Amino acid sequence: MHTHCPYCSLQCGMTLQREGRRLEVAAWPEFPVNEGGLCRKGWTATGLRGHRERLTTPMLRDRTTGELRAAGWDEALDLVASRLQELQQESGADAVGVFGGGGLTNEKAYSLGKLARVALRTSQVDYNGRWCMSSAASASNQAFGIDRGLPFPLADLERAEVLVLVGSNLAETMPPAVRHLDRLRERGGRVVVVDPRRTPTADRADVLLQPVPGTDLALALGVLHLLDARGLADEAYLAARTTGWDDVRRVAAAWWPERVERVTGVTVGELHALVDLLTSHERVVVLTARGAEQHAQGTATVLGWIDVALALGLPGRPHAGYGCLTGQGNGQGGREHGQKSDQLPGYRMIDDPAAREHVARVWGVDPDDLPGPGRSAYELLDALGRPDGPRALLVLGSNPVVSAPRAAHVADRLRSLDLLVVCDLVMSETAALADVVLPVTQWAEETGTMTNLEGRVILRQQAVAPPAGVRSDLEVIAGLAQRLGSPVPFSDDPEEVFAELGRASAGGRADYAGIDYDRIREEHGVFWPCPSPDHPGTPRLFADAFAHPDGRARLVAVDHVGTAEPTDAAYPVHLTTGRVLAQYQSGAQTRRIADLPDTGAFVELHPSLADRLGAYDGEPVAVTTRRGRLVAPARVVDTIRPDTVFVPFHWVGVNQLTNDALDPSSRMPEFKVCAAQVEAVARAARPSPGEPVEVAR
Ligand code: SF4
């Protein structure tokens with residue numbers, strides 16, 4: 001059975017085959033995105049099947065003992081529906097919130113948004129993809145009029161002459177994609193990595209620039225300054241295909257190279273060399289990822305790099321352009337079909353009367369009955385249990401106790417709820433706080449579509465039956481909708497839901513109307529937009545026009561402001577966070593897979609900083625921010641800036657340190673940088689490998 005990896009947005013194709021009672025992962029060489037390659041997470045993905053911690057029974061928290069007890073499905077769903085209705089009768093429709101995830105299939109994301117708007121009639125719905133790459137989405141919508149992570153197939157990268165990766169550690173986050181970098185370099189191409197750390201990706205680069213965390217926008221402005229000052233911008237392209245260049249060059253005029261060096265640490269010589277490299281080749285690709293995007297100025301930072309790409313005349317040119325490397329498995333599709341607070345299916349905006357009319361007609365409801373926009377993900381969590389906030393929350397496919405910024409505060413908000421309902425495979429840290437836990441299927445046990453980082457809609461196919469007692473998220477949603485007295489039916493059949501999603505998306509920016517399961521199987525995925533069954537799909541965007549009504553791209557003038565929490569005498573070090581190869585996101589799945597090493601959190605720091613602190617490799621250090629304190633073993637490496645420490649975020653406690661300052665446009669929190677103190681602590685405090693790190697607030 002051909003299917004796809006359950007984790008990241010590459011959505012590598014794989015074959016699942018039975019070996020006796022075991023389910024084994026094998027290669028699927030014909031699937032073009034990964035050509036049979038998988039990273040260790042993909043090869044070990046069946047490790048959760050039959051896992052002793054797998055949930056197989058609904059659980060309700062006993063009001064007397066405070067403990068969770070097993071319950072039947074009817075009892076659990078009846079209780080959830082009746083409590084939600086009571087709370088809404090007392091406090092209004094927005095007393096109930098819904099929190100989804102960027103790993104949910106398109107069908108689940110669509111049904112969850114419909115459940116919120118039609119059955120619950122709440123505006124309070126959002127999802128953790130808001131924390132993944134919403135800044136790139138916001139920037140792409142502003143610049144190009146459409147948000148598709150890569151506007152070209154991933155394989156186009158290897159035909160580029162220069163690839164610039166801003167804040168991406170592709171080698172550790174998407175190893176099968178690295179072959180494109182290697183092939184590009186074998187053809188004589190050059191790779192530039194912009195990252196405060198010399199990562200395994202940087203080891204494969206020809207040029208590494210290590211700016212101060214939070215200054216990627218200043219670097220982009222420096223590039224724009226030199227393009228203009230040296231007369232190297234593509235003026236013909238700018239005149240024919242864009243608007244806004246004059247505004248951008250006015251801002252960039254103030255970013256002379258010496259100022260850029262002072263702010264970013266990238267020298268004047270390095271900046272000139274970068275501009276020389278970019279302007280001496282036709283086929284240049286600029287890609288951003290979380291390093292550039294997860295900032296309070298994330299949207300502006302991405303816009304700055306899009307401005308660079310447009311000033312060079314790249315978008316729309318073959319094997320050139322700008323793209324974003326989406327993170328979560330369905331980070332792309334998850335933001336297209338209605339689980340985001342401001343959107344309806346097809347990437348329609350919920351405050352657009354025509355969009356409301358269209359979607360309401362497909363759903364069979366009155367458009368006036370649809371709620372308006374709600375709170376963004378962090379703002380929704382921050383409002384829980386407050387006088388004007390939701391009193392109940394339904395969580396699918398997310399573990400915010402680990403993954404939210406200022407996570408201890410988020411856990412407190414979750415504890416303040418009258419009702420927390422969590423659907424999950426295992427007892428995640430968020431499920432452990434719930435009043436009701438509902439056990440749901442995992443990827444190999446279900447069918448549904450995902451949309452990978454290229455905008456390719458692919459099909460996850462059920463390979464095995466779920467354990468007895470487990471239901472799919474679609475069954476849970478349909479069961480709740482029916483109990484809530486939804487005015488329209490909800491299907492729990494994924495193919496039926498996908499067909500409805502296609503109708504709801506028809507005519508929208510992300511148009512899936514021409515895609516069906518058989519086409520996906522036959523064509524190894526179909527690129528949206530695909531408005532009709534006879535449409536071939538759209539692997540490449542922007543060749544002739546951008547998606548704004550006038551067909552032109554917008555250069556948007558943005559200026560560097562700096563991080564929301566600059567370093568100071570009390571908190572003198574930059575803390576940045578990210579991923580490691582063997583773990584994925586909150587680790588709820590990968591930390592339980594025996595074949596994946598679980599090291600626990602660690603603190604990467606430069607030898608000169610370690611010397612100053614009296615810290616030693618492997619010995620505990622404490623990282624303290626204005627929100628919390630974490631003790632974890634030091635990893636002394638010369639690959640990081642001396643003014644910066646790095647901690648991977650897959651473990652409880654790390655995000656208790658991170659800052660909840662939000663980007664004004666995307667509402668993305670500033671995960672990537674905050675101010676910290678670091679100190680060596682006594683050996684006795686050192687955690688054992690795999691043991692939760694000590695966290696004090
Ligand atoms: Fe591919 Fe990502 Fe899965 Fe690794 S985690 S196998 S890169 S989809």
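Index from 1, following the sequence. Owing to the predicted nature of the structure, the values given are computational and were not obtained by experimental measurement. Both ligands and their constituent atoms are indexed starting at 1 by order of listing. Atom set for the values below is all heavy atoms of this structure, side chains included, hydrogens, waters and symmetry mates excluded.
Distances from atom 3 (Fe) of ligand 1 under 2.8 Å pick out these protein N/O/S atoms: C5 SG.
R183 has no carboxylate O lying under 4.0 Å from a charged side-chain N of E186, or vice versa, which leaves the two without a salt bridge. Salt-bridge check for D182 with R204: passed, with a basic side-chain N closer than 4.0 Å to an acidic carboxylate O.
No side-chain heavy atom of Y378 sits under 4.5 Å from any side-chain heavy atom of R130.
When the ring-ring contact (aromatic ring centres under 6.0 Å, His included) test is applied to F542, the partners found at least two apart in sequence or on another chain are F144, F546.
Taking the ring axis of F602 as reference, the NZ or CZ atom of R635 stays within 45° of it and closer than 6.0 Å to the ring centre. A cation-pi arrangement, defined by a distance under 6.0 Å to the six-membered ring centre and an angle within 45 degrees of its axis, is present between R456 and F31.
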